[in-house]
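One structure is given below, encoded as structure tokens.
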Amino acid sequence: MDVKNKIIDAISQAIKQAIDAGIFKNTGELPEINLEVPPKKEFGDYATNFAMQSAKIFHTNPRKIAEEIKSRISADWLEKIEIAGAGFMNFYLKPDVIYNELKNIYTGLENFGQLPNKNNATIQIEYVSANPTGLLHVGHGRGAAAGSAIVNILRAAGYNVESEYYINDAGNQMENLAKSVNARYLQHFGKDVEFPEDGYHGADIFDTTNRIIERDGDKYLALPENERLKILEDLAYADKLAELKKDLAAFKVGFDVWFSERTLHPDKINDAIKVLRERGEIYEKDGALWLASMKYGDDKDRVVIRENGVPTYLAADIAYHKNKFERGFGTLINLWGADHHGYIARVKAAMTALGFNADNLKILLLQMVSLYRGGELVKMSKRTGESITLRELMEEVGTDAARYFFLMRSIDSQLDFDLDLAKKKSADNPVYYIQYAHARICSIFRQVEENNLQLIDAPKFNMLVTASEIDLINKIFEYPNEIEKAAAEFAPQRIARYVYDLAAQFHSFYRDCRILGVDKDLAQARLALIKITAHTIRHALNLLGVSAPTSM
RNA sequence: GCGUUCGUGGCUCAGUUGGAUAGAGCAACGGCCUUCUAAGCCGUGGGUCGCGCGUUCGAGUCGCGCCGAACGCACCA
């Protein structure tokens, strides 16, 4: 048990005693005991606001409650407890506690940052899911970075997670892809054909077409239009999907499952409609089939089967989410671009209509990305193909900077991505600032042997007493809790910020505390401390999908 | 018009589920390299947390109403 839980345990015992002794008259549910690291060092190592939280149910003033709890806690590892402000309880630990905890971390360092398995029902998270009709752009990049980081963080927090990519490989857009490639194909061989109105104008369509031509030449030229379209659709689809996977892999993003929309057509869709119909949620109007989604909170009812008998995109999505629910996950998470928010109500309504608990479907919205270069907004347009692709972004600023910049802001905030800043190799750039801390530590390790110094199993941690040492130690202690919170809030930016703060703490330590040339016991204790620091930085960067170079 | 998200120093953003004197970075200014990487460190100035009302011991955080921004509001995906 770590210190934090020991304190919580002691508080909760004290409360129990006070209740048993009739001091506290409990007239409600006890609030959770919240232990936090206080904003100021004078407020101790840990603090709780429990006395204030519980004032209402105990009908007692907070300071009095705090006194009663304090008088019932005696632990040899506690230096003192102080009551401050309106009723804060500040806990001051004996120094030994800190050194013991540090020793525990050091002994099990390889696992530091991996929290015990929560034995939860698997959480499924679906993200990116871009249509396989073009290249990924920066918006997808943000989704890819956020989704993969959330997966990593959830796993570190001990959740079982499965990631999935939903491939929209059915419907109109695939036909448009085929028509677009078909037109480029024919144009390449000198045919005077018009480019389709709804076609994809991007330069990547030429690339796809050229790859097909390189391999197969003009062998589809003489085929009847319909046959050629069919073949080109398959070829273009395969090519686009391969490109997607290539870019995602380069961006350190992988999926456990690639789910094809085609596998839903037509049986699973028909089945979903049938179930809805049996449950009385479907009606016919104007020749189409409608889902009565309005009664479950949607703005209006939605068509699921068109007048011409073709299912809408929503119908496929209903079948898809039904399938996800039936696979037995505990929680389903969808990471969507904010431009899809209008879609939430209808999907949730459909799930409710099917009899599932729609609360188990959590939809996270990712706000838009704006790119800035030279202080000016870089305009994006999918139609004209002038968008900046993820691939171009990676080439321009590098994978590490791109990922970190995508992750440093809350997903709820629109992101201004400064391309010039991301490219800078200086302190202005947070990515380099963090990586530099790691590289500095590695550099020290490269030199210790020459100085007749080595890492030992049981260093004298109690030699670490200066402020910058203690601050660094405390920052390290916060890490597991930070992972827990980042996981609970699906908030990668917490880890991004944490590792930045940790790096800052290390840089201060580096200034104040030398390792080479000081007393051997002290040097070994410091060496162990920076080994822990390096591990923690590397672990956190790894959660974000950012590399931790050993030299820069 | 309706909905979602956002509004915090000049700029970009955090803010630990309502707590202690609101924090970083950039920009500005001033210091620190003959010793482990100056891609670093230390310091100074800069805020009516969009506006108003409410909830309570306590509000940047919760509720309501305005104002502003982005994105949505299909038998497209």
Side-chain angles (χ1 to χ4, degrees), chain A residues 32 34 36-40 42-43 47 49 52-53 55-56 61-62 84-88 90 131 133 168 170-174 176 198 261 286-290 299-300 302-308 310-317 337-345 365-368 370 372 375 408-416 418 421 424-433 435-437 439-448 450-451 478 481-482 485 488-489 491 493-494 496-497 500-501 503-504 506-518 523 530 551-552:
Chain A
E32 201 182 325
N34 231 318
E36 58 176 24
V37 177
K40 300 260 175 187
E42 306 94 86
F43 299 143
N49 59 357
M52 289 176 283
Q53 302 276 18
K56 206 162 281 177
N61 91 53
F88 285 100
N90 295 333
N131 292 345
T133 55
N168 294 122
N172 277 339
Q173 77 272 15
M174 293 307 289
N176 287 337
D198 301 328
E261 183 191 341
D286 306 331
L289 289 187
W290 296 69
D299 294 339
K300 50 175 286 193
R302 308 286 172 179
V303 170
V304 285
I305 305 289
R306 298 183 183 96
E307 208 175 339
N308 62 11
V310 177
T312 60
Y313 180 78
L314 178 63
D317 230 12
D339 52 340
H340 286 77
H341 74 81
Y343 212 73
I344 297 174
L365 291 180
L366 203 61
Q367 293 297 321
M368 304 284 107
S370 304
Y372 286 84
M408 66 199 279
R409 304 291 177 228
S410 154
I411 60 171
D412 291 331
S413 283
Q414 291 171 29
L415 177 68
D416 287 336
D418 184 338
L421 177 60
K424 263 196 213 169
K425 293 193 168 22
S426 79
D428 307 358
N429 188 335
V431 187
Y432 288 96
Y433 181 85
Q435 291 179 324
Y436 184 52
R440 266 184 156 175
I441 295 173
C442 295
S443 171
I444 293 171
F445 273 100
R446 269 180 242 118
Q447 293 173 60
V448 292
E450 299 165 17
N451 286 268
E478 287 174 29
N481 196 239
E482 209 54 44
K485 282 177 178 160
E489 298 168 20
Q493 85 276 2
R494 293 195 73 109
R497 172 151 295 250
Y500 184 91
D501 290 344
F506 168 75
H507 285 308
S508 290
F509 163 88
Y510 183 89
R511 174 209 49 194
D512 294 337
C513 303
R514 289 193 56 80
I515 288 167
L516 300 179
V518 301
I530 65 167
S551 70
M552 290 172 74

Same-atom distance (C1') from B/rU61 to B/rC49, integer angstrom: 10 Å
Touch class at under 4.0 angstrom, heavy-atom based, for A/Asp286 against every strand present: base
B/rG72 and B/rG9, which share atom name P, separated by this distance in whole Å: 27 Å
Interatomic distance where CG belongs to A/Asn481 and P belongs to B/rU17 [whole Å]: 10 Å
Given RNA chain B, 5'-ward residue of the pair A/Val303 and A/Ile344, judged by closest heavy atom: A/Ile344
Watson-Crick or G-U pairs under 3.5 Å in RNA chain B, rendered as dot-bracket with [ ] for crossing pairs and | for another strand: (((((((..((((.....[...)))).(((((.......))))).....(((((..]....))))))))))))....
Under-4.0 Å side-chain N/O to phosphate OP1/OP2 contact, A/Tyr433 with B/rC26: no
Whole-Å distance separating the CG atom of A/Asp501 from the C1' atom of B/rA24: 7 Å
Sugar-phosphate only, base, or nothing, as touched by A/Leu365 at under 4.0 Å among non-hydrogen atoms: sugar-phosphate
Criterion side chain to side chain contact (heavy atoms under 4.5 Å, CB included) on A/Ser551 and A/Arg446, from CA distance to verdict: CA-CA 10 Å; A/Ser551 70; A/Arg446 269 180 242 118; 3.3 Å; yes
Short side-chain N/O contact from A/Gln493 to OP1 or OP2 of B/rG15, under 4.0 Å: yes
A/Leu516 side chain reached by A/Val448 side chain, heavy atoms, under 4.5 Å: yes
A/Pro39, nearest nucleotide to its side chain (from B/rA20, B/rC36, B/rA77): B/rA20
Whole-Å distance separating the CD atom of A/Glu36 from the C1' atom of B/rG15: 12 Å
Pi stacking test for A/Phe43 and B/rA20: under 5.5 Å apart, planes under 30°: yes
Nearest atoms (heavy-atom pairs only) where A/Ala504 meets A/Tyr433: CA-OH, 3.1 Å
Whole-Å P distance, B/rA27 and B/rU34: 25 Å
Spacing of the P atoms in B/rC64 and B/rU48 (rounded, Å): 27 Å
Distance between P atoms of B/rC11 and B/rA28 (Å, rounded): 15 Å
Per A/Asn168 side chain, nearest of listed nucleotides B/rA77, B/rU17, B/rG40: B/rA77
Side chain A/His341 and base B/rC71 donor-acceptor under 3.5 Å: yes
A/Asn308 side chain to A/Val310 backbone, donor-acceptor under 3.5 Å: yes
Base B/rA77 paired with A/Asp198 side chain (donor-acceptor, <3.5 Å): no
side-chain N/O A/Arg440 vs B/rA38 OP1/OP2, d < 4.0 Å: yes
Integer-rounded Å distance: B/rU34 P and A/Leu516 CG: 18 Å
Evaluation steps, side-chain hydrogen bond (donor to acceptor under 3.5 Å, both in side chains), between A/Asn168 and A/Tyr313: CA-CA 9 Å; A/Asn168 294 122; A/Tyr313 180 78; 3.2 Å; yes
Sugar-phosphate only, base, or nothing, as touched by A/Gln173 at under 4.0 Å among non-hydrogen atoms: sugar-phosphate
Nearest to side-chain heavy atoms of A/Pro38, which nucleotide of B/rA38, B/rA20, B/rU12: B/rA20
Sugar-phosphate only, base, or nothing, as touched by A/Ala55 at under 4.0 Å among non-hydrogen atoms: nothing
Base orientation of B/rC33, syn vs anti, 90° cut from 0: syn
Touch class at under 4.0 angstrom, heavy-atom based, for A/Gly85 against every strand present: nothing
Among B/rU5, B/rC75, B/rU12, the nucleotide that comes nearest once only the side chain of A/Asp416 is considered: B/rU12
Separation between the C1' atoms of B/rU44 and B/rU8, rounded to whole Å: 22 Å
B/rA24 versus B/rA69 - spacing of their P atoms, nearest Å: 32 Å
Whether A/Asn429 side chain and A/Leu421 backbone form a donor-acceptor pair below 3.5 Å: yes
With A/Arg497 via salt bridge (charged side-chain N to carboxylate O under 4.0 Å, His left out) - residues at least two apart: none
A/Tyr432, nearest nucleotide to its side chain (from B/rC75, B/rA74, B/rA39): B/rA39
Nearest-nucleotide pick for A/Arg409, side chain only, options being B/rU12, B/rA70, B/rG40: B/rU12
Whole angstrom value for the distance that separates P of B/rC2 from OH of A/Tyr343: 25 Å
Atom-to-atom span, CZ of A/Phe509 to C1' of B/rC36 - whole angstrom: 11 Å
5' precedence on RNA chain B between A/Met52 and A/Ala439 (nearest-nucleotide basis): A/Met52
Short side-chain N/O contact from A/Ser413 to OP1 or OP2 of B/rU12, under 4.0 Å: no
Phosphate OP1/OP2 of B/rC42 contacted by A/Ser508 side-chain N/O (<4.0 Å): yes
Interatomic distance, A/Asn90 CG vs B/rA20 C1' [rounded to whole Å]: 9 Å
pair A/Ile344-A/Leu365: side-chain heavy atoms closer than 4.5 Å: yes
Sugar-phosphate, base or nothing in reach of A/Cys513, heavy atoms under 4.0 Å: base
Separation of B/rU16 C1' from A/Asn49 CG (nearest whole Å): 11 Å
B/rA59 and B/rG18, which share atom name P, separated by this distance in whole Å: 13 Å
Residue-phosphate contact under 4.0 Å: A/Arg511 side-chain N/O, B/rC32 OP1/OP2: no
Nearest-nucleotide pick for A/Asp339, side chain only, options being B/rC36, B/rA77, B/rC71: B/rC71
Residue-phosphate contact under 4.0 Å: A/Lys300 side-chain N/O, B/rC75 OP1/OP2: yes
Sugar-phosphate only, base, or nothing, as touched by A/Ser410 at under 4.0 Å among non-hydrogen atoms: sugar-phosphate
Sub-4.5 Å side-chain heavy-atom contact between A/Asp339 and A/Met368: yes
CA sep, side-chain torsions, deciding dist, call: A/Ser413, A/Gln367, side chain to side chain contact (heavy atoms under 4.5 Å, CB included): CA-CA 6 Å; A/Ser413 283; A/Gln367 293 297 321; 5.8 Å; no
Cation-pi, A/Tyr510 ring and A/Arg440 (6.0 angstrom, 45 degrees): yes
Among B/rG25, B/rC36, B/rA20, the nucleotide that comes nearest once only the side chain of A/Tyr500 is considered: B/rG25
Check: A/Ile530 and A/Ile515 side chains under 4.5 Å, non-hydrogen atoms: yes
